[in-house]
Asks: 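Could you have a look at this structure, given as structure tokens, before my questions?
Naming convention: chains lettered A, B, ... in sequence-line order (proteins, then strands); numbering from 1 in each chain.
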Number of protein chains: 2
Amino acid sequence: MSIESIALDATVFEPLTGNEGACLETGIGQAVRDLLDRVGDKWSLLIIGMLRTTQLRFSELQRRIPGISQRMLTLKLRSLERDGLITRTVYAEVPPRVEYELTAMGRTLIEPATALALWAVEHQPAISHAREEFDRKDK
Amino acid sequence: MSIESIALDATVFEPLTGNEGACLETGIGQAVRDLLDRVGDKWSLLIIGMLRTTQLRFSELQRRIPGISQRMLTLKLRSLERDGLITRTVYAEVPPRVEYELTAMGRTLIEPATALALWAVEHQPAISHAREEFDRKDK
DNA sequence: CTGTATCCGAAAAGATACTG
DNA sequence: CAGTATCTTTTCGGATACAG
């Protein structure tokens with residue numbers, strides 16, 4: 001990913017380096033903030049991770065994400081659907097069945113999201129250690 | 001990044017696919033959530049983006065991140081410092097000067113964070129469009 | 001089964017004033 | 001300059017009850 005990343009990296013962040021304060025106006029700051037507003041919450045990325053390989057129905061999602069409330073699952077699914085990241089398909093059966101699935105755009109989010117998840121897993125011990133050190137000195 | 005990513009991808013998310021509900025226990029869910037708790041807020045990733053290429057002092061950061069309050073900048077810088085992602089260096093001068101800089105670990109976050117920023121910029125129009133469509137139908 | 005509606009507490013974030 | 005302290009507003013998320 002290196003070459004491509006570096007090139008694009010320059011493209012995206014260049015406005016930030018020399019041009020002080022223009023980040024929000026040029027869009028990058030706003031774009032990042034928008035993304036975080038969308039999937040930077042407690043559950044959204046987890047839901048996307050769940051739908052990574054297969055479509056799932058409401059109850060199945062709730063079962064696989066321990067701790068999420070019905071309300072939150074509904075809200076987050078609506079939000080993701082609204083942003084075009086997942087689809088919601090209702091089957092007119094009894095009992096009712098609703099399947100959620102990633103859209104093409106939703107699937108493009110898997111790679112960067114996974115990269116971030118990887119980073120999180122890899123560096124968790126180092127961060128915990130840093131935290132302990134900091135709190136120890138601080139106290 | 002494809003081959004490496006896919007392999008690691010499988011490693012990281014595998015517990016989620018077959019094993020329902022084990023995500024929190026196995027750590028991946030918790031790790032992702034921890035990361036989001038750390039840098040998933042409104043400002044942290046923006047700060048890291050600012051420090052990507054150079055160290056900056058407090059006032060310079062505030063100037064380059066329009067809209068952030070003094071209080072929030074202080075809080076987020078402390079949090080990032082505590083996690084070992086940035087360093088804070090105080091120079092005993094008058095007037096006082098404090099420089100913030102990414103640590104080695106902080107710099108490793110640049111790549112995945114940039115990937116996410118890229119995604120955000122690239123898909124912003126599509127998301128806005130999806131949102132408008134959704135709201136139009138919904139209304 | 002798949003939601004919606006309502007209420008409540010905790011936490012995040014903004015505004016403002018003040019300090020070494 | 002680089003913060004801290006305090007107050008207020010806003011948002012997030014959980015609990016519960018109810019509905020198609």
Side-chain angles (χ1 to χ4, degrees), chain A residues 20-21 24 29-30 32-47 50-51 55-83 86-101 134 138, chain B residues 20 24 29-30 32-47 50-51 55-83 86-101 134 138-139:
Chain A
E20 66 285 10
L24 291 181
Q30 192 56 48
V32 172
R33 189 153 338 158
D34 279 359
L35 176 69
L36 290 174
D37 285 346
R38 275 186 254 282
V39 300
D41 59 274
K42 200 172 171 183
W43 304 110
S44 294
L45 270 187
L46 233 40
I47 294 173
M50 290 295 171
L51 297 173
Q55 64 174 24
L56 292 171
R57 53 194 297 182
F58 189 90
S59 54
E60 187 64 16
L61 278 167
Q62 193 171 24
R63 201 168 59 81
R64 296 195 187 195
I65 306 178
I68 194 169
S69 66
Q70 209 167 29
R71 177 183 125 91
M72 275 303 125
L73 184 53
T74 301
L75 286 177
K76 295 312 173 186
L77 287 171
R78 283 289 177 286
S79 172
L80 293 172
E81 183 195 2
R82 186 165 113 100
D83 290 338
I86 67 175
T87 57
R88 176 176 180 269
T89 309
V90 183
Y91 295 90
E93 302 173 1
V94 44
R97 181 166 60 99
V98 181
E99 296 276 2
Y100 293 92
E101 188 175 16
F134 186 88
D138 189 52
Chain B
E20 66 285 11
L24 291 181
Q30 193 56 46
V32 171
R33 190 152 336 158
D34 279 359
L35 177 68
L36 290 175
D37 285 347
R38 275 184 254 281
V39 299
D41 60 273
K42 202 174 172 184
W43 304 110
S44 294
L45 269 188
L46 232 41
I47 293 173
M50 290 294 171
L51 296 174
Q55 64 173 26
L56 291 171
R57 53 197 297 184
F58 188 89
S59 55
E60 187 65 15
L61 278 167
Q62 192 171 22
R63 201 166 60 81
R64 295 195 188 197
I65 306 177
I68 195 170
S69 67
Q70 211 168 29
R71 181 182 124 89
M72 275 303 125
L73 184 53
T74 300
L75 285 176
K76 294 313 172 184
L77 286 171
R78 281 292 176 285
S79 171
L80 293 172
E81 183 194 3
R82 186 166 114 102
D83 291 338
I86 66 175
T87 57
R88 176 175 179 270
T89 309
V90 183
Y91 295 90
E93 304 173 359
V94 44
R97 181 165 59 101
V98 180
E99 296 275 1
Y100 292 93
E101 187 175 16
F134 186 89
D138 189 53
K139 189 188 65 56

Asks: Tell me, do B:Pro96 and B:Val90 make a side-chain contact under 4.5 Å, heavy atoms counted?
Replies: no
Asks: Among D:dG13, D:dA5, D:dG3, which is the nearest nucleotide to the side chain of A:Met72?
Replies: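 For the A:Met72 side chain, the nearest candidate turns out to be D:dG13.
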Asks: Does B:Arg57 have a side-chain nitrogen or oxygen under 4.0 Å from the phosphate oxygens OP1 or OP2 of D:dA2?
Replies: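 For D:dA2, OP1/OP2 do have a side-chain N/O of B:Arg57 under 4.0 Å.
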Asks: Go through it in stages, so that I can follow the logic: the residues are A:Glu101 and A:Thr89, the test is side-chain contact (heavy atoms from CB on, under 4.5 Å), and I'd like the CA-CA distance, side-chain angles, deciding distance and then a yes or no.
Replies: CA-CA 8 Å; A:Glu101 188 175 16; A:Thr89 309; 5.7 Å; no
Asks: Counting only side-chain N and O atoms of B:Lys42, is one of them less than 4.0 Å from OP1 or OP2 of D:dT11?
Replies: no
Asks: Closer to the 5' end of DNA chain C via nearest nucleotide, is it B:Ile68 or A:Leu77?
Replies: A:Leu77
Asks: Which pair of heavy atoms, one from A:Tyr100 and one from A:Leu51, lies closest together, and at what distance?
Replies: O-CD2, 3.4 Å
Asks: To 10°, what angle do the rotation axes through the five end pairs on each side of the helix from C:dC1-D:dG20 to C:dG20-D:dC1 form?
Replies: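 That helix has its two terminal axes inclined by roughly 50°.
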Asks: Evaluate the criterion side-chain contact (heavy atoms from CB on, under 4.5 Å) for residue pair B:Val39 and B:Ile47; output intermediate values, then yes/no.
Replies: CA-CA 10 Å; B:Val39 299; B:Ile47 293 173; over 6 Å; no
Asks: Using a heavy-atom cut-off of 4.0 Å across all strands, would you classify B:Tyr100 as base, sugar-phosphate, or nothing?
Replies: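 Here B:Tyr100 touches the backbone only, sparing every base.
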Asks: Take atom CZ of B:Arg71 and atom C1' of D:dG3, then tell me their distance rounded to the nearest Å.
Replies: 13 Å
Asks: Stepwise, does the side-chain contact (heavy atoms from CB on, under 4.5 Å) test hold for B:Leu77 with B:Glu81?
Replies: CA-CA 6 Å; B:Leu77 286 171; B:Glu81 183 194 3; over 6 Å; no
Asks: Without decimals, in angstroms, what is the distance between B:Gln70 CD and D:dT4 P?
Replies: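 Value for this atom pair: 10 Å.
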Asks: Checking all strands, does B:Arg97 fall into the base, sugar-phosphate, or nothing category for heavy-atom contacts under 4.0 angstrom?
Replies: sugar-phosphate
Asks: Please tell me which of the listed nucleotides, D:dC1, D:dG13, D:dT4, lies nearest to the side chain of B:Pro96?
Replies: D:dC1
Asks: Would you say that B:Thr74 contacts B:Arg71 through its side chain, given a criterion of any heavy-atom pair below 4.5 Å between the two side chains?
Replies: no
Asks: Need one value for B:Ser59: base, sugar-phosphate or nothing, where a base atom within 4.0 Å counts as base even if backbone is also close, heavy atoms only.
Replies: sugar-phosphate
Asks: In whole angstrom, what separates B:Asp41's CG from D:dT11's P?
Replies: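 My rounded result for the distance is 16 Å.
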Asks: Check the distance between D:dG14's P and A:Gln62's CD and give it to me in whole angstrom.
Replies: 12 Å
Asks: To the nearest 0.5 Å, what is the distance between CE (A:Met50) and CD1 (A:Ile68)?
Replies: 9.5 Å
Asks: How close or far is atom P of D:dA5 from atom CZ of B:Arg78, stated in whole angstroms?
Replies: 11 Å
Asks: Against A:Glu60, only a single residue in A:Arg57, A:Gln62, A:Arg63 fulfils side-chain hydrogen bond (donor to acceptor under 3.5 Å, both in side chains); can you say which?
Replies: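 Per the side-chain hydrogen bond (donor to acceptor under 3.5 Å, both in side chains) rule, the option paired with A:Glu60 is A:Arg63, out of A:Arg57, A:Gln62, A:Arg63.
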Asks: Between D:dG13 atom P and A:Ile65 atom CD1, what is the distance in whole Å?
Replies: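 Those two atoms, CD1 and P, are 13 Å apart.
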Asks: In whole Å, what is the span from the CD atom of B:Glu99 to the C1' atom of D:dC1?
Replies: 12 Å
Asks: Going 5' to 3' along DNA chain C, which are the first and last nucleotides with any atom under 4.0 Å from a heavy atom of chain A?
Replies: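 It runs C:dC1 to C:dT6.
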Asks: Yes or no on side-chain contact (heavy atoms from CB on, under 4.5 Å) for A:Arg97 and A:Phe58, after CA distance, side-chain angles and deciding distance?
Replies: CA-CA 8 Å; A:Arg97 181 166 60 99; A:Phe58 189 90; over 6 Å; no
Asks: Looking only at non-hydrogen atoms, find the nearest pair between A:Leu46 and A:Ile65 and report the distance.
Replies: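 Closest approach of A:Leu46 to A:Ile65: CD2-CG2, 4.4 Å.
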Asks: Atom CG of A:Leu75 to atom P of D:dA15: distance rounded to whole Å?
Replies: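 So the two atoms are 14 Å apart, to the nearest Å.
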